[in-house]
Amino acid sequence: MKNIFFTLFLSFSIYAQESKEYFVLLTSDPMSNPSAAMMSINTASEALNQGHDVIFFAAGDGVRILMEDVISNLHTVTFHGGDSDRISQMAKNLLIDFSKNGGVIHVSEGSFLTYGVNQQNYKEILIDIREINWSYPKELIKESSSADIVFSY
């Protein structure tokens, strides 16, 4: 009987430890630092696939990763993926799937304004993300401080 309780306790403890809240921040310009952009997308996507709650927050120049013409051209500024647009398509699909499968996306509204993107015209400029949370530093601090694990790229 002791073994059963220990096994149940251990199983519950392991399960409780596995579920984390991740916060992934991208501030790097994807065209200047495509590796950071791709790592941020892959990290957020993998954490979500492993069953964690994940927030992907794009701020500063990092907001550009959601722009169709930027993410579709990542392959032109990196050797990753060879001489094709495969890496660009993979990054785009991962972000779209991330948003459709429960991942939360925040963007810096102020940062996007510097690129001419706003809540009225974003559907014409950005990739097809399920839902975007238009945020400012207040949300950045709130969301990152409540996460168990923070990654910044």
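Fair warning: this is a prediction, and the values are worked out from it, not measured in the lab. Residue numbers count from 1 along this sequence.
- The ring-ring contact (aromatic ring centres under 6.0 Å, His included) test applied to H75 returns no partner, not counting sequence neighbours.
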Q: Apply side chain to side chain contact (heavy atoms under 4.5 Å, CB included) to the pair I71 and L95, showing each step before the final yes or no.
A: CA-CA 10 Å; I71 199 166; L95 263 179; 3.9 Å; yes

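- Taken to the nearest 0.5 Å, the CD1 atom of I127 stands 4.5 Å off from the CD1 atom of I96.
- Proximity of I87 to M38: side-chain heavy atoms (C-beta onward) are separated by under 4.5 Å at one or more points.
- Ring pair F151/Y22 is parallel by interplanar angle, where below 30° counts as parallel and above 60° as perpendicular.
- With a 4.5 Å cut-off on side-chain heavy atoms, D85 and T76 do not count as touching.
- Considering CG of D97 and OG of S45, their distance stands at 7.0 Å, rounded to 0.5 Å.
- Remark: side-chain polar atoms of T43 are not paired, donor with acceptor, to backbone N or O of S40 under 3.5 angstrom.
- Among residues two or more places apart in sequence or in another chain, the salt bridge (charged side-chain N to carboxylate O under 4.0 Å, His left out) test is passed with E21 by none.
- Taken from NZ in K138 to CD in E143, the straight-line distance is 11.5 Å, to the nearest 0.5 Å.
- A donor-acceptor pair under 3.5 Å is formed between the side chain of N118 and the backbone N or O of N121.
- With hydrogens and angles disregarded, a donor-acceptor distance shorter than 3.5 Å links the side chain of S111 to the backbone of G60.
- Put simply, I125 and V70 are part of the same group of oily side chains (I, L, V, M, F, W, Y) that touch within less than 4.5 Å, one to the next.
- Residues satisfying the salt bridge (charged side-chain N to carboxylate O under 4.0 Å, His left out) test with D61, not counting sequence neighbours, are none.
- Each of Y122 and L113 belongs to its own hydrophobic cluster when Ile, Leu, Val, Met, Phe, Trp and Tyr are linked at side-chain heavy-atom distances under 4.5 angstrom.
- Here F79 sits alone; no ILVMFWY side chain lies under 4.5 Å from its own, so it joins no hydrophobic cluster.
- Of all non-hydrogen atoms in L74 and P34, the two that sit nearest each other are CD2-CB, 4.1 Å.
- There is no side-chain donor-acceptor pair under 3.5 Å between E18 and Q50.
- The shortest heavy-atom contact between G62 and A58 is O-CB, 3.8 Å.
- For the side-chain hydrogen bond (donor to acceptor under 3.5 Å, both in side chains) criterion with S135, the lone passing option out of H106, K142, E109 is H106.
- S28 places no side-chain N or O within donor-acceptor distance of the main-chain N or O of P30, the cut-off being under 3.5 Å.
- Separation of atoms CE (M90) and NE2 (H80) is listed at 9.5 Å; rounding is to 0.5 Å.
- Scanning all heavy atoms of the two residues, the minimum distance from S145 to I141 falls at OG-O, 2.8 Å.
- I55 is not connected to Y136 by any chain of hydrophobic side-chain contacts under 4.5 Å among Ile, Leu, Val, Met, Phe, Trp and Tyr, and they are in different clusters.
- Comment: R64 engages D29 in a salt bridge, judged by a side-chain N to carboxylate O separation of less than 4.0 angstrom.
- Note that CG of D128 and OG of S99 are 7.5 Å apart. Values are rounded to the nearest 0.5 Å.
- Once rounded to the nearest 0.5 Å, the distance linking CD1 of I41 with CZ of F56 reads 5.5 Å.
- Counting heavy atoms from C-beta on, the side chains of L66 and F112 come closer than 4.5 Å.
- Under a hydrophobic clustering in which Ile, Leu, Val, Met, Phe, Trp and Tyr are joined whenever their side-chain heavy atoms come within less than 4.5 Å, directly or via other members, M39 and L48 fall into the same cluster.
- No path of Ile, Leu, Val, Met, Phe, Trp and Tyr side chains, each step under 4.5 Å between heavy atoms, connects L25 with F98, placing them in separate hydrophobic clusters.
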(Q) Does M67 form a side chain to side chain contact (heavy atoms under 4.5 Å, CB included) with V117? I'd like the steps, not just the answer. (A) CA-CA 9 Å; M67 298 170 81; V117 179; 4.2 Å; yes

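- Using a 4.5 Å cut-off on side-chain heavy atoms (C-beta onward), H52 and D148 make no contact.
- Between A37 and I65, the shortest heavy-atom distance links the atoms CB-CD1, 3.9 Å.
- With sequence neighbours excluded, no residue forms a ring-ring contact (aromatic ring centres under 6.0 Å, His included) with Y153.
- Remark: S144 pairs with F23 by the side-chain contact (heavy atoms from CB on, under 4.5 Å) rule, at least two apart or across chains.
- Between N133 and E139 there is no side-chain heavy-atom pair separated by less than 4.5 Å.
- No side-chain heavy atom of V24 sits less than 4.5 Å from a side-chain heavy atom of F57.
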Q: Starting from the C-alpha separation in whole Å, work towards a yes-or-no answer on side chain to side chain contact (heavy atoms under 4.5 Å, CB included) for L126 and I132.
A: CA-CA 10 Å; L126 305 185; I132 295 175; 3.7 Å; yes

